[in-house]
A.B. asks: 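Have a look at this one before I ask anything.
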Amino acid sequence: MPETPLGAFLRARRARLAPAEAGLPPAGRRRTPGLRREEVAARAGISADYYARLEQGRQRVPTGPVLDGIAEALQLAGAERAYLHRLAARHRVPAGAPPEPPAVSATTLALLDTLDAAPAFVTGPTFELLAWNRPAALLMAWPERRPPHERNLLWQVFCCPYGDRSQGNLAATGSIGADLVASLRAHHADRPGDRGLTRLVRRMSSDSPAFAALWDRHRAGPPGPGRLHIRHPALDTDVLDYTVLALPEEGRYVFACLAPPGSRARHAFAAAHDAAPAHAAPF
């Protein structure tokens, strides 16, 4: 039977929860890591057979209380609990291309322009770069000159030499790479037929083993502030703090990075800002 997104998520989360973390006593050597199915089922208050059918994709959509019990058993946080419910939802978005998104608003472009020494850019649901200011263009090696698949924050972090040489961007937790992959899963939980997402994941997994490993962890949640590690020949810093703002349009975010005060990087960003206004992607 083909693997279902719900079954894959349950298996991944079960494998990453150590018995000690679940308050279970040592039970000798285990053939596989994590909890056993029957242990999760007992903690969730359901039968082991019922839980096994969920993982195997042979069970109808469970009720909300059952999902909440499984979430408690697997110690899922708020974002991942919501992701579990979305994976199990009866009503899914039909397969096919998503509707054409609206253009980036003039107000958002003006916001990017106000950040004169801070690289700032707008991303869409699959982290495609929709707009950026000139400091961001310098940071990301002029996205407007690159082919479409490289005008993407995932590519910048996992495949661009400025980003993927730093393990700080690719750590399993607490990194921008982990955040982006978790957000990609969370946003597309109810779009199993999204062919664009399928192609993106396949290409990124082929080009970046680090992306493939993070995708297989089945974590889910929104992106948050953090640190971007870079190795950029035009800048004198290897770390930029960044923050993330959610826009009203679903799946869109503004990322804004900040170079250390007085650094050559901040002066370089300010000089780039004076050269030209914010730029929308040439799709």
Side-chain angles (χ1 to χ4, degrees), residues 1-95 171-175 177-194 197-198 201-202 204-205 209-224:
M1 180 169 292
E3 181 177 75
T4 66
L6 175 61
F9 176 68
L10 292 175
R11 278 191 293 276
R13 303 308 297 140
R14 175 169 62 84
R16 289 184 171 86
L17 184 60
E21 293 177 299
L24 296 174
R29 188 171 183 177
R30 295 178 178 237
R31 290 180 297 174
T32 57
L35 300 185
R36 300 185 177 102
R37 283 176 176 166
E38 57 269 25
E39 291 170 336
V40 175
R43 289 169 56 82
I46 57 179
S47 73
D49 181 64
Y50 182 94
Y51 180 80
R53 293 200 305 271
L54 281 177
E55 283 200 0
Q56 295 163 359
R58 297 186 294 113
Q59 178 62 46
R60 290 182 178 273
V61 178
T63 65
V66 168
L67 290 172
D68 285 337
I70 293 173
E72 291 290 338
L74 294 175
Q75 298 184 4
L76 301 183
E80 291 190 329
R81 182 187 292 260
Y83 178 67
L84 174 65
H85 279 266
R86 291 177 67 190
L87 282 179
R90 293 179 183 274
H91 303 291
R92 297 187 181 276
V93 176
T173 58
S175 70
D179 266 13
L180 295 182
V181 173
S183 181
L184 194 67
R185 274 204 177 276
H187 185 73
H188 291 273
D190 48 9
R191 293 183 180 272
D194 190 329
L197 175 66
T198 300
V201 171
R202 185 182 298 121
M204 289 296 305
S205 297
F211 175 92
L214 287 171
W215 186 255
D216 286 345
R217 289 181 65 84
H218 289 266
R219 301 198 70 90

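No experiment lies behind these values; they were computed from the predicted model shown.
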A.B. asks: Can you name the salt bridge (charged side-chain N to carboxylate O under 4.0 Å, His left out) partners of Glu72, sequence neighbours left out?
C.D. replies: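 With sequence neighbours excluded, Glu72 shows a salt bridge (charged side-chain N to carboxylate O under 4.0 Å, His left out) to Arg81, given in chain and number order.
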
A.B. asks: Please report the closest heavy-atom contact between Ala189 and Arg86, naming both atoms and the distance.
C.D. replies: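 Nearest pair, atom of Ala189 first, then Arg86: CB-CB, 4.0 Å.
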
A.B. asks: Using salt bridge (charged side-chain N to carboxylate O under 4.0 Å, His left out) as the criterion, list what pairs up with Arg14, not counting sequence neighbours.
C.D. replies: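 Residues passing salt bridge (charged side-chain N to carboxylate O under 4.0 Å, His left out) with Arg14: Glu55.
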
A.B. asks: Please report the closest heavy-atom contact between Gly221 and Ala186, naming both atoms and the distance.
C.D. replies: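 Between these two residues, the closest heavy atoms are N-CB, 3.6 Å.
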
A.B. asks: Please list all pairs passing the salt bridge (charged side-chain N to carboxylate O under 4.0 Å, His left out) test where one or both residues lie in residues 212-221, with sequence neighbours left out.
C.D. replies: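 Qualifying pairs: Glu80-Arg219.
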
A.B. asks: Ser183 side chain to Asp179 main-chain N or O, any donor-acceptor pair under 3.5 Å?
C.D. replies: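 Looks like no, no N/O pair under 3.5 Å.
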
A.B. asks: So, for Ala88 and Pro62, which heavy atoms are closest and what is the spacing to 0.1 Å?
C.D. replies: CB-CD, 4.3 Å

A.B. asks: Nearest 0.5 Å please: distance from the CG atom of Leu67 over to the CG atom of Leu6.
C.D. replies: 7.5 Å

A.B. asks: Any heavy-atom pair between the side chains of Leu10 and Val40 that's under 4.5 Å?
C.D. replies: no

A.B. asks: Is there side-chain contact between Tyr83 and Leu76, with heavy atoms separated by less than 4.5 Å?
C.D. replies: no

A.B. asks: Leu197 versus Val201: any side-chain heavy-atom pair under 4.5 Å?
C.D. replies: yes

A.B. asks: Would a distance-only check, ignoring hydrogens and angles, find a side-chain to backbone donor-acceptor pair under 3.5 Å from Arg43 to Leu74?
C.D. replies: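 A pair under 3.5 Å: no.
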
A.B. asks: In Å and rounded to the nearest 0.5 Å, what is the CD1 to OH distance from Ile70 to Tyr50?
C.D. replies: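 Interatomic distance, Ile70 CD1 to Tyr50 OH, rounded to 0.5 Å: 7.0 Å.
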
A.B. asks: Distance from Arg37 atom CZ to Leu54 atom CG, nearest 0.5 Å?
C.D. replies: 10.0 Å

A.B. asks: Would you say Gln75's side chain and Glu21's backbone share a donor-acceptor pair under 3.5 angstrom?
C.D. replies: yes

